[in-house]
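This report refers to the structure that appears directly beneath it.
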Amino acid sequence: MNHFENSLAATLGNTILRDVTLRDGLQLTGKLLSTERKVETVRELLRLGVPAIELGSMARADLVPTMANTLEVVQALSAEELERCWIWVATPGHVAKASAAGARNFQYCLSASDSHNKANIGRTTDESLAALPEAVEYARAVNGQIQLCIATSFTCPFEGYVPEERILSIANDPRAEGTTDIVICDTLGQAIPAQVSGLIARVRDESPARRIVYHGHDTWGLGVANTLAAIQAGAAMVDGALGGLGGCPFAPGASGNTSSEDILFATRPEWLTTETFAGLVVLSEKLLAELGEPNRSKAAQGARSRAEAFDWVLPSDSAGQPSTVGGN
């Protein structure tokens, strides 16, 4: 590791990337992935060194068809593999069903705004909070972890700006006791770095017992900038999706997640090498081609440039893929 990378590592610490391709990434796609293909993807991500994965959601299959086989994916994985996997839940019943299948890490999601919570989950924010203690008990019963995930932490597609005090009141609500992490979500990708760092710092200082997670979208092109701002303000885990895939079907205006490749290229965690980065780029390209989705990752595009003297650029014949990005 050179002097620059040493300085980078010191600045960004050991922040964990959680890849959410198989949950948030697939929510808006028109094609379904088989259980076998999802399991293959989980195992390839783990093999390449990705520390954490969100493998699916307990959302109703009639509303989010791409999540219909989530429990089958859980059942196909080993207990050791599931230790690094998370599952999206919104009710105590979700936790009970997922834990019975073998899941141990749960992301209990509610929205800061009632309007989005009703559109996304079918109840008010307070009703979701009222059910949280029971969800915590189900997670504890299997020695699991449960996060409090606050969607629309910055803006809501129906109500607009969301005050910081609203996020703090939810994070510090007594009914959230027992959650291990607080996930701050820029659901629409409309936040700017100053907002992200400001809110993350406040949550860190005013809810010190729990780890802070940041989930961002790249709708307005600030996904990586916001993620770096979150890390520097104290986020210990950040979310991304391969190729910037994804979006929320119940949030008009939301587009793809911040790209996992872009986050990794920017943060350079200790486990990431040029070889593992190349493996992630190839995995992403194959998956997006199967889904018929565009690759929004700038780092993946850079990795296919002709500047092959740069260590992070893939050879032009890597995986049979020609170089696709030119330059001056």
Side-chain angles (χ1 to χ4, degrees), residues 8-20 24 51-52 54 86 88 105 107-113 116 125 129 145-156 159-173 176-177 179-241 244 246 248 251 254 256-260 262-269:
L8 189 70
T11 300
L12 300 175
N14 295 313
T15 305
I16 295 171
L17 171 78
R18 176 170 57 185
D19 185 88
V20 302
D24 202 355
E54 190 177 40
W86 294 81
W88 185 99
N105 299 318
Q107 182 177 206
Y108 185 96
C109 194
L110 51 82
S111 302
S113 62
H116 187 260
T125 303
L129 275 169
Q145 302 180 75
I146 186 165
Q147 299 176 325
L148 169 62
C149 175
I150 308 175
T152 63
S153 288
F154 298 92
T155 55
C156 166
E159 299 178 21
Y161 173 71
V162 177
E164 284 189 358
E165 297 303 328
R166 174 66 168 165
I167 310 307
L168 270 296
S169 69
I170 294 171
N172 294 321
D173 191 294
E177 183 179 348
T179 55
T180 56
D181 308 322
I182 300 171
V183 187
I184 301 298
C185 302
D186 181 18
T187 304
L188 298 174
Q190 294 172 339
I192 63 173
Q195 288 175 290
V196 173
S197 60
L199 181 57
I200 295 289
R202 284 199 67 188
V203 175
R204 179 201 64 206
D205 293 342
E206 298 179 36
S207 302
R210 286 169 288 180
R211 180 173 63 169
I212 308 301
V213 183
Y214 176 69
H215 176 94
H217 287 247
D218 198 35
T219 313
W220 287 71
L222 291 177
V224 172
N226 286 338
T227 299
L228 294 177
I231 294 170
Q232 291 167 341
M237 174 185 277
V238 295
D239 288 350
C248 178
N257 292 274
T258 305
S259 159
S260 291
D262 294 357
I263 293 171
L264 290 172
F265 182 72
T267 57
R268 312 284 177 90

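Remember, predicted model here, so these are calculated numbers, not experimental data.
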Within the side chain of [X], is there an N or O that forms a donor-acceptor pair under 3.5 Å with the backbone of [Y]?
X    : Y    : result
S260 : G240 : yes
S153 : D186 : no
D218 : G223 : yes
N226 : A191 : yes
R210 : A171 : yes
R204 : I212 : no

Closest non-hydrogen atom pair between [X] and [Y], with its separation:
X    : Y    : answer
L188 : H217 : C-CB, 4.4 Å
C156 : S113 : SG-OG, 3.1 Å
S207 : I182 : CB-CD1, 3.6 Å
F154 : Q195 : CE2-O, 3.7 Å
G198 : E164 : C-OE2, 4.0 Å
L148 : A176 : CD2-CB, 3.8 Å

Does E159 CD have over 12 foreign heavy atoms under 6.0 Å away? yes
Euclidean distance, [Y] [atom2] relative to [X] [atom1], rounded to 0.5 Å:
X    : Y    : atom1 : atom2 : answer
T267 : I16  : OG1   : CD1   : 12.0 Å
I146 : W86  : CD1   : CH2   : 9.0 Å
L129 : D173 : CG    : CG    : 5.0 Å
L228 : S197 : CG    : OG    : 11.5 Å
L17  : I263 : CG    : CD1   : 5.5 Å
W88  : D24  : CH2   : CG    : 10.5 Å

As a quick check of understanding, evaluate side-chain contact (heavy atoms from CB on, under 4.5 Å) for T155 and V162, giving each step before the final call. CA-CA 5 Å; T155 55; V162 177; 5.5 Å; no
The test is side-chain contact (heavy atoms from CB on, under 4.5 Å); show your working for T227 and V196 and say whether it passes. CA-CA 8 Å; T227 299; V196 173; over 6 Å; no
Heavy atoms, side chains only, cut-off 4.5 Å: are P269 and L264 in contact? yes
I need the single residue from Q147, Q107, Q145 that forms a side-chain hydrogen bond (donor to acceptor under 3.5 Å, both in side chains) with D181. Which is it? Q147
Test applied, side-chain contact (heavy atoms from CB on, under 4.5 Å); reference residue, H215; option that passes from N257, V238, T258: N257
